[in-house]
Number of protein chains: 2
Amino acid sequence: MATERKATADPARSLALLWRTREPTSRSAGPALSVDRVVRAAIDIADTEGLDALTMRRVAEALGVGTMSVYTYVPGKAELVAVMIDTAYGEMPRPAVEGDWRTRLERIARDNLALYQRHPWMLRAETTRPVLGPHLMAKYDYELAAIVDIGLTDVEVDAVLTLVLGHVKSAARAASEVVDLERETGMTDGQWWQSHAPWLERFMTAGAYPIASRVGTAAGQQHGAAYGPEYAFEFGLQRVLDGISVVVAERAANR
Amino acid sequence: MATERKATADPARSLALLWRTREPTSRSAGPALSVDRVVRAAIDIADTEGLDALTMRRVAEALGVGTMSVYTYVPGKAELVAVMIDTAYGEMPRPAVEGDWRTRLERIARDNLALYQRHPWMLRAETTRPVLGPHLMAKYDYELAAIVDIGLTDVEVDAVLTLVLGHVKSAARAASEVVDLERETGMTDGQWWQSHAPWLERFMTAGAYPIASRVGTAAGQQHGAAYGPEYAFEFGLQRVLDGISVVVAERAANR
DNA sequence: CGCCGGTGCCGTACGTCGTACCGGCAGCGG
DNA sequence: CCGCTGCCGGTACGACGTACGGCACCGGCG
């Protein structure tokens, strides 16, 4: 379990898996399984039942094979997750870029948000060194292409992309936790608050945390709980883009 | 294990724990343990050995008691982690605010970064509904106080803080993963790249991903790997603050 | 003074996980 | 026809969180 995080102990093996360097088997009927079938089954489980439900036994069951057979195609769980991530990147749309840089960057942010909404498990799984699969590379290349020509240095362009994607991930994570916990605890966000509020009031002596109370309730009131994360995403995204345009304008002036 | 994430099944129990609603034992010598001792031991382990090493057995061992004795003070692991998080928030500095809002907000960002550097496990543990302990409330109150008067609505103020703290967390996570993996794999970032690069080159047909290659190597060159995350933090923070100042200026003009 | 209920402590055991190991199987080249 | 190679999977091990029940001790009451 602790070893789930190790991944890529053997670079050759892991990368070969990611890049699918494998001659198709010469067997007549071909094997019952394949890396792709394993990965598809795993993504399916993670999408519909959450990352906690993704166990090797569960994957095998979904494929109708013995547990250990999965290991014929994938060295371990960590590597399986790595391939799942790269596969998910692969299914992102990459239309020709249009509009000014701000429009393009905003589009990229929204596409990434959509990805995380489709595959919320990525938000909890991606916590390792980058996967370095072909689809991640393609995605990185595509996204950089949208902003290479805005007058910043290569290093800055990289930082801009990191910043925007970081914000998307933060916001997506916040949004995902709400629905995650609704499933796991069986209560909606509102119900959860209602069950905690009376106890909280009892512990908090009146008048403590005045600003927190005021702002907190104001925020809670405004967006009726479920829609809070969306506001945070939109507000933050516009602020980030504003901030980027400040440097872009600066550079344009000094040219 | 899946239940680690549940937490707060019983709000009364959990909140009482967080707010330490508990008469001191009337026992003569007093009990050998206490919630605080358990929490301190747990934080110590997580700080020095990582979150994966934090097991109930390990905590008990550090305290010199049987595994199950820990459960006398803490209902379960999820709740233990919650108290750990609130405790960590409690040790943050909260000096009187000084300077203009940008200085204050920047200070808050740096204090939060320092917190995550001291307790990297928080970056992987905080993935649940907010902990709602007294120290989190105090922190939230303190941080809001620094920016309530910059001319934005309460809802916007909340969103500003969320944005800044989100960026800090993103950057801290990136930085933490580097050192995390150095410990777990026993290789430095540079070594890791060197072991992967030849394989990667073999798989990537020359000329694929031209922009990614150029920008990636530029970024890698500039900051010698280990210092990349710091740059990302600084650059992103300034961009975010720039973006916020755009709205602030807007509001000031329209008043 | 003796008994009793409560509190702190903890050994054992169960169910879950990832996965090492090894033995069986089919199909194919020699 | 034989042995080899790649696919399959049963069994088992060592982690993990934690339910359950029992034990030792002590203050307060009769």
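Here is how names work: the chains are called A, B, and so on, in the same order as the sequence lines, proteins then strands, and each is numbered from 1. Everything numeric here is computed off the predicted structure, so don't read it as measured data.
- A:Y73 has its OH atom 18 Å from the C1' atom of C:dT19, to the nearest Å.
- In this entry the distance linking CG of A:L51 with P of C:dC17 reads 13 Å, nearest Å.
- A search for side chain to side chain donor-acceptor pair (under 3.5 Å) contacts involving A:D111 returns A:R107, not counting sequence neighbours.
- Counting to the nearest Å, the C1' atom of C:dA20 and the CE atom of A:M56 are 13 Å from each other.
- In this structure, the CG atom of B:L63 is 16 Å from the P atom of C:dG8, given to the nearest Å.
- Side chains of A:T87 and A:D36 form no contact here, defined as non-hydrogen atoms less than 4.5 Å apart.
- Whole-Å rounding puts the A:E79 CD to C:dG18 P distance at 13 Å.
- Residues passing the side chain to side chain contact (heavy atoms under 4.5 Å, CB included) test with A:R110 are A:E106, A:F233, A:E234, A:L237, A:Q238, sequence neighbours excluded.
- Applying the side chain to side chain donor-acceptor pair (under 3.5 Å) criterion to B:Y116, with sequence neighbours excluded, gives B:E126.
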Show every donor-acceptor pair shorter than 3.5 Å between a side-chain atom in residues 37-47 of chain B and any protein atom, with sequence neighbours excluded, or say none if there are none.
residue: B:R37; atom: NH1; partner: B:A32; partner atom: O; Å: 2.7
residue: B:D47; atom: OD1; partner: B:H119; partner atom: ND1; Å: 2.7
residue: B:D47; atom: OD1; partner: B:W121; partner atom: NE1; Å: 2.6
residue: B:D47; atom: OD2; partner: B:H119; partner atom: ND1; Å: 3.1

Dump every N/O contact between nucleotides 9-12 of chain D and the protein below 3.5 Å, one line per pair.
residue: D:dG9; atom: OP2; partner: A:G66; partner atom: N; Å: 2.8
residue: D:dG9; atom: OP2; partner: A:S69; partner atom: OG; Å: 2.7

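- Rounded to whole angstrom, the span from the CG atom of B:L33 across to the P atom of C:dT7 amounts to 17 Å.
- Using a 4.0 Å cut-off between charged nitrogen and carboxylate oxygen, A:R94 and A:D141 do not count as a salt-bridge pair.
- Recorded end-axis angle for the helix from C:dC1-D:dG30 to C:dG30-D:dC1 stands at 30°, based on five pairs per end and rounded to 10 degrees.
- Every pair tested for ring pair (Phe, Tyr, Trp, His ring centres under 6.0 Å) that includes a residue from residues 33-52 of chain B fails, sequence neighbours excluded, so the list is empty.
- Annotation: salt bridge (Lys or Arg N to Asp or Glu O under 4.0 Å) contacts involving residues 59-69 of chain B, sequence neighbours excluded, comprise B:R58-B:E61.
- Distance CZ (A:R37) to C1' (D:dC8): 14 Å, rounded to an integer number of Å.
- Atom C1' of nucleotide C:dC17 and atom CG of B:D52 are separated by 14 Å, given to the nearest angstrom.
- With sequence neighbours left out, B:Y140 forms a side chain to side chain donor-acceptor pair (under 3.5 Å) with B:D158.
- Using a 4.0 Å heavy-atom distance criterion, A:L54 is classed as a sugar-phosphate-only contact.
- In this model, the phosphate group of D:dC7 is not approached by any side-chain N or O of A:Y71 to a distance below 4.0 Å at OP1 or OP2.
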